[in-house]
K.L.:
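Quick one: the structure is below, and I'll ask about it shortly.
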2 protein chains.
Amino acid sequence: MKNAEPEKSLSATIADAIRTAIVDGRLLVGDRLPSEAELADQHGVSRATVREALKRLAAQSLIRTERGAFGGAFINHLSYQEARAQQVTTSTLLLGMNAISFQVACEARYALERSCTALAAERRTDALLDTMRAEIDTQSAPDLTDEAFCASDVAFHRALVDCAGNEVLSYHLAGSVEAMQPLMNMITFTARSRAEIIELHRAIVAGLEIRDVVSVDRALATLEAYTITLGQSVLKARATR
Amino acid sequence: MKNAEPEKSLSATIADAIRTAIVDGRLLVGDRLPSEAELADQHGVSRATVREALKRLAAQSLIRTERGAFGGAFINHLSYQEARAQQVTTSTLLLGMNAISFQVACEARYALERSCTALAAERRTDALLDTMRAEIDTQSAPDLTDEAFCASDVAFHRALVDCAGNEVLSYHLAGSVEAMQPLMNMITFTARSRAEIIELHRAIVAGLEIRDVVSVDRALATLEAYTITLGQSVLKARATR
DNA sequence: GGCATTTAAATGTCTGACAATTATTTTGGC
DNA sequence: GCCAAAATAATTGTCAGACATTTAAATGCC
């Protein structure tokens with residue numbers, strides 16, 4: 001039997017040990033780790049090695065460090081903001097690096113987004129509907145760049161998922177919606193296609209307003225099909241170039 | 001105007017610079033970064049500082065390092081497996097650290113899971129149905145521990161989302177399903193409740209087999225309601241203890 | 001009691017060294 | 001000339017020690 005262990009470095013091993021302790025709940029939010037010098041003694045390594053381990057954990061927002069007396073490494077409270085930022089980074093890279101077809105990525109994104117329509121229709125607030133209407137106004141500006149149009153599109157859809165009034169759902173969906181932005185940015189939006197998209201956005205807001213799930217779902221399905229069409233035409237144009 | 005910058009350390013600054021270059025596509029998969037010594041020269045810092053920066057990136061699976069001549073730090077290809085592992089870690093911590101109510105977490109999880117039923121009914125394969133049946137058999141063993149029951153439950157639901165035949169969707173849903181496991185592990189499953197859950201699992205498989213989306217959705221909705229009931233009874237028992 | 005100063009503990013960084021690993025190059029034998 | 005073994009060089013992994021910087025607490029002065 002071959003030994004399949006990839007010979008992890010000491011700093012990776014120490015980081016894993018601490019990470020496991022955090023995930024398993026043996027270390028709680030706010031707890032302070034021993035000082036770097038103490039950790040070095042405990043694990044029988046140098047301070048530099050401990051520091052590399054701690055930087056790995058800091059990169060995952062698992063700990064934060066404070067300088068000065070009674071400073072040190074503290075188990076971090078993972079906020080929705082930090083968690084979402086990490087998820088967006090990971091998802092964006094995954095889509096960018098794995099030669100995902102635009103169609104597959106789009107299908108996943110809209111499937112996930114539809115999962116919030118029932119709750120959104122039930123719980124939507126006037127404030128969020130106003131946010132969505134404001135983004136529609138932004139998108140209607142004729143001299144908008146494609147990037148700005150995409151950014152407003154993302155903001156619109158984030159408001160839509162926030163309508164569901166479930167922050168865990170918002171966290172997951174934000175990752176899937178925002179990670180699509182680089183792919184969407186490849187599309188050139190003509191005045192014609194923008195008008196069509198804005199019309200569907202209006203239909204979504206109208207459906208939410210009267211709490212009509214079916215019409216929201218229908219608008220989203222149409223939007224998905226239309227977006228895939230746009231994406232494919234871009235790919236075709238690129239192929240024949 | 002106060003300067004709100006939190007005074008990032010040099011290693012964090014260097015890590016951010018390289019991370020941005022990767023996300024923006026200036027560094028491509030397989031590219032090799034300069035050696036630690038060269039990076040230290042370029043940024044005017046010591047090798048130790050550069051190493052801390054690189055460890056931060058390695059913790060996000062953005063780079064991998066190889067030792068030896070012509071080794072170094074290479075831009076990593078982010079696999080689904082790595083991306084999912086990271087997402088599960090982040091989501092698990094988010095749920096564990098933010099005093100999320102069991103009901104909110106459960107609602108989000110099943111809402112997301114329902115997003116794959118239409119595609120799953122359309123594309124389910126016999127192999128995946130067999131996997132799901134095998135997990136049902138595992139769950140039926142009378143002397144199963146609660147942890148093993150939960151693990152099999154997760155495997156069952158992962159097979160369900162894989163039925164959708166969209167790897168991006170599987171990646172996102174795996175995060176939301178697996179992150180619930182620690183919360184599910186708090187529940188004590190009686191023989192009665194296990195039987196009920198297994199019955200619903202059978203209904204899901206049966207629905208997929210005949211490609212009947214409605215029955216699958218109904219079974220999932222029932223499962224969601226039942227799971228929330230179980231969770232609330234645990235919380236009530238814990239409160240009165 | 002209140003304020004300024006000192007002190008101590010901790011992280012952030014630098015330097016220089018050596019160990020371990022590995023692709024390449026050189027050498028040696030035939 | 002060819003192949004195997006040994007030397008070489010480049011690179012990461014680790015260590016030890018030092019100094020700089022930051023910050024809370026302790027101290028001392030008035």
Side-chain angles (χ1 to χ4, degrees), chain A residues 2-19 21-22 27 29-77, chain B residues 2-19 21-22 27 29-77:
Chain A
K2 207 188 295 183
N3 188 357
E5 307 290 330
E7 283 272 349
K8 265 189 287 202
S9 70
L10 288 177
S11 68
T13 306
I14 294 170
D16 285 345
I18 299 175
R19 184 182 302 110
I22 298 174
L27 292 170
V29 172
D31 283 358
R32 178 179 169 276
L33 292 180
S35 72
E36 295 173 354
E38 283 177 83
L39 285 172
D41 276 355
Q42 287 176 17
H43 292 90
V45 300
S46 71
R47 215 188 121 210
T49 301
V50 167
R51 280 183 60 80
E52 288 178 11
L54 294 181
K55 293 315 152 202
R56 292 175 190 265
L57 299 174
Q60 296 183 301
S61 301
L62 293 183
I63 63 171
R64 69 178 187 284
T65 53
E66 291 174 11
R67 299 183 66 173
F70 291 74
F74 296 84
I75 309 300
N76 202 14
H77 177 93
Chain B
K2 205 187 294 185
N3 188 357
E5 307 288 329
E7 283 273 348
K8 263 188 289 202
S9 69
L10 289 177
S11 67
T13 307
I14 294 171
D16 285 346
I18 300 176
R19 184 182 302 110
I22 296 174
L27 291 169
V29 172
D31 282 0
R32 178 179 170 276
L33 292 179
S35 72
E36 295 172 353
E38 284 177 80
L39 285 172
D41 275 357
Q42 287 176 18
H43 292 91
V45 301
S46 72
R47 216 188 119 208
T49 302
V50 167
R51 282 182 61 79
E52 289 179 10
L54 294 181
K55 294 315 152 203
R56 292 175 190 265
L57 300 175
Q60 295 182 301
S61 300
L62 293 183
I63 63 171
R64 68 178 189 284
T65 54
E66 292 175 11
R67 298 181 67 172
F70 291 74
F74 296 85
I75 309 301
N76 202 14
H77 177 95

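In what follows, chains carry the letters A, B, and so on, assigned in the order in which the sequence lines appear, proteins first and then strands, with residues in each chain numbered from 1. The structure presented is a predicted model; accordingly, all values stated were derived computationally and were not measured.
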K.L.:
Just the rounded figure in Å: distance from C1' of D:dT11 to CZ of B:Phe70.
P.N.:
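For the pair B:Phe70 CZ and D:dT11 C1', the rounded distance is 10 Å.
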K.L.:
Between B:Glu66 and B:Phe74, what is the shortest heavy-atom contact and its length?
P.N.:
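In terms of heavy atoms, the two residues are closest at OE1-CE1, 3.8 Å.
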K.L.:
Among B:Asp31, B:Leu27, B:Ile22, find the residue that satisfies the side-chain contact (heavy atoms from CB on, under 4.5 Å) test when tested with B:Ile63.
P.N.:
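When B:Asp31, B:Leu27, B:Ile22 are each tested with B:Ile63, the side-chain contact (heavy atoms from CB on, under 4.5 Å) holds only for B:Ile22.
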K.L.:
Quick one, which residues of residues 49-63 of chain A touch DNA chain C with a heavy atom under 4.0 Å?
P.N.:
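Result for residues 49-63 of chain A: A:Arg51, A:Lys55, sorted by number.
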K.L.:
For the pair A:Val45 and A:Ile14, evaluate side-chain contact (heavy atoms from CB on, under 4.5 Å) and give the outcome as yes or no after the intermediate values.
P.N.:
CA-CA 10 Å; A:Val45 300; A:Ile14 294 170; 3.8 Å; yes
K.L.:
Tell me which nucleotide among D:dG13, C:dG12, D:dA25 gets nearest to the side chain of B:Ser9.
P.N.:
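Ranking D:dG13, C:dG12, D:dA25 by closest atom to the B:Ser9 side chain puts C:dG12 first.
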K.L.:
Rounded to whole Å, how long is the line connecting atom CG of A:Leu33 with atom P of C:dA10?
P.N.:
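Spelled out: CG on A:Leu33 to P on C:dA10 is 13 Å.
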K.L.:
Under 4.0 Å between a side-chain N/O of B:Thr65 and OP1 or OP2 of D:dG13, yes or no?
P.N.:
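The answer is yes; a side-chain N or O of B:Thr65 sits under 4.0 Å from OP1 or OP2.
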K.L.:
With sequence neighbours left out, what residues match A:Arg47 under side chain to side chain contact (heavy atoms under 4.5 Å, CB included)?
P.N.:
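Applying side chain to side chain contact (heavy atoms under 4.5 Å, CB included) to A:Arg47 gives A:Glu36, A:Arg51.
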K.L.:
Closest heavy-atom contact between A:Pro34 and A:Gln42?
P.N.:
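Residues A:Pro34 and A:Gln42, closest heavy atoms: CG-NE2, 3.7 Å.
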K.L.:
Which listed nucleotide (D:dA24, D:dA10, C:dT11) is nearest to the side chain of B:Ala69?
P.N.:
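Among D:dA24, D:dA10, C:dT11, the one nearest the side chain of B:Ala69 is D:dA10.
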K.L.:
What's the separation between atom CZ in A:Arg64 and atom CD1 in A:Ile75, rounded to the nearest 0.5 Å?
P.N.:
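The CZ atom of A:Arg64 sits 9.0 Å away from the CD1 atom of A:Ile75.
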K.L.:
Step by step, would you call B:Leu33 with B:Ile18 a side-chain contact (heavy atoms from CB on, under 4.5 Å)?
P.N.:
CA-CA 9 Å; B:Leu33 292 179; B:Ile18 300 176; 4.2 Å; yes
K.L.:
Find the distance A:Glu36:CD to C:dT11:C1' and express it as a whole number of Å.
P.N.:
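It is 5 Å, rounded to the nearest whole Å.
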K.L.:
Roughly, in whole Å, what's the span from CG in A:Asp41 to P in C:dA9?
P.N.:
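In whole Å, C:dA9 P and A:Asp41 CG are 15 Å from each other.
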K.L.:
Excluding sequence neighbours, so at least two apart, what forms side chain to side chain contact (heavy atoms under 4.5 Å, CB included) with B:Ala48?
P.N.:
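By the side chain to side chain contact (heavy atoms under 4.5 Å, CB included) rule, B:Ala48 matches B:Ser46.
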K.L.:
Across nucleotides 15-20 of chain C, 5' to 3', mark each nucleotide with B, S or - according to how protein heavy atoms within less than 4.0 Å reach it.
P.N.:
B-B--B
K.L.:
I need the A:Arg19 CZ to A:Asp16 CG distance, nearest 0.5 Å.
P.N.:
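CG of A:Asp16 is found 5.0 Å from CZ of A:Arg19.
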K.L.:
Quickly work out the A:Leu39 CG to C:dG12 C1' distance and round it to whole Å.
P.N.:
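It is 16 Å, rounded to the nearest whole Å.
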K.L.:
Name the nucleic acid region contacted by A:Arg64, choosing base, sugar-phosphate or nothing; use a 4.0 angstrom heavy-atom cut-off, strictly under.
P.N.:
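A:Arg64: no heavy atom of the nucleic acid under 4.0 Å.
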K.L.:
Between D:dT21 atom P and B:Leu10 atom CG, what is the distance in whole Å?
P.N.:
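Nearest whole value for this atom pair: 12 Å.
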K.L.:
Please identify each residue that fulfils side chain to side chain contact (heavy atoms under 4.5 Å, CB included) with B:Ala37, with sequence neighbours left out.
P.N.:
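B:Ala37 satisfies side chain to side chain contact (heavy atoms under 4.5 Å, CB included) with B:Ser35 once adjacent residues are dropped.
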K.L.:
Nearest whole angstrom, please: distance from the C1' of D:dC15 to the CD1 of A:Ile14.
P.N.:
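So the two atoms are 13 Å apart, to the nearest Å.
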K.L.:
If you look at every heavy atom in B:Arg56 and B:Ser11, which pair is closest and at what distance?
P.N.:
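Looks like NH2-OG, 3.1 Å.
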K.L.:
Using C1' atoms of five pairs at each end, report the bend of the helix from C:dG1-D:dC30 to C:dC30-D:dG1 rounded to 10 degrees.
P.N.:
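Computed from the C1' atoms at both ends, the axes differ by 30°.
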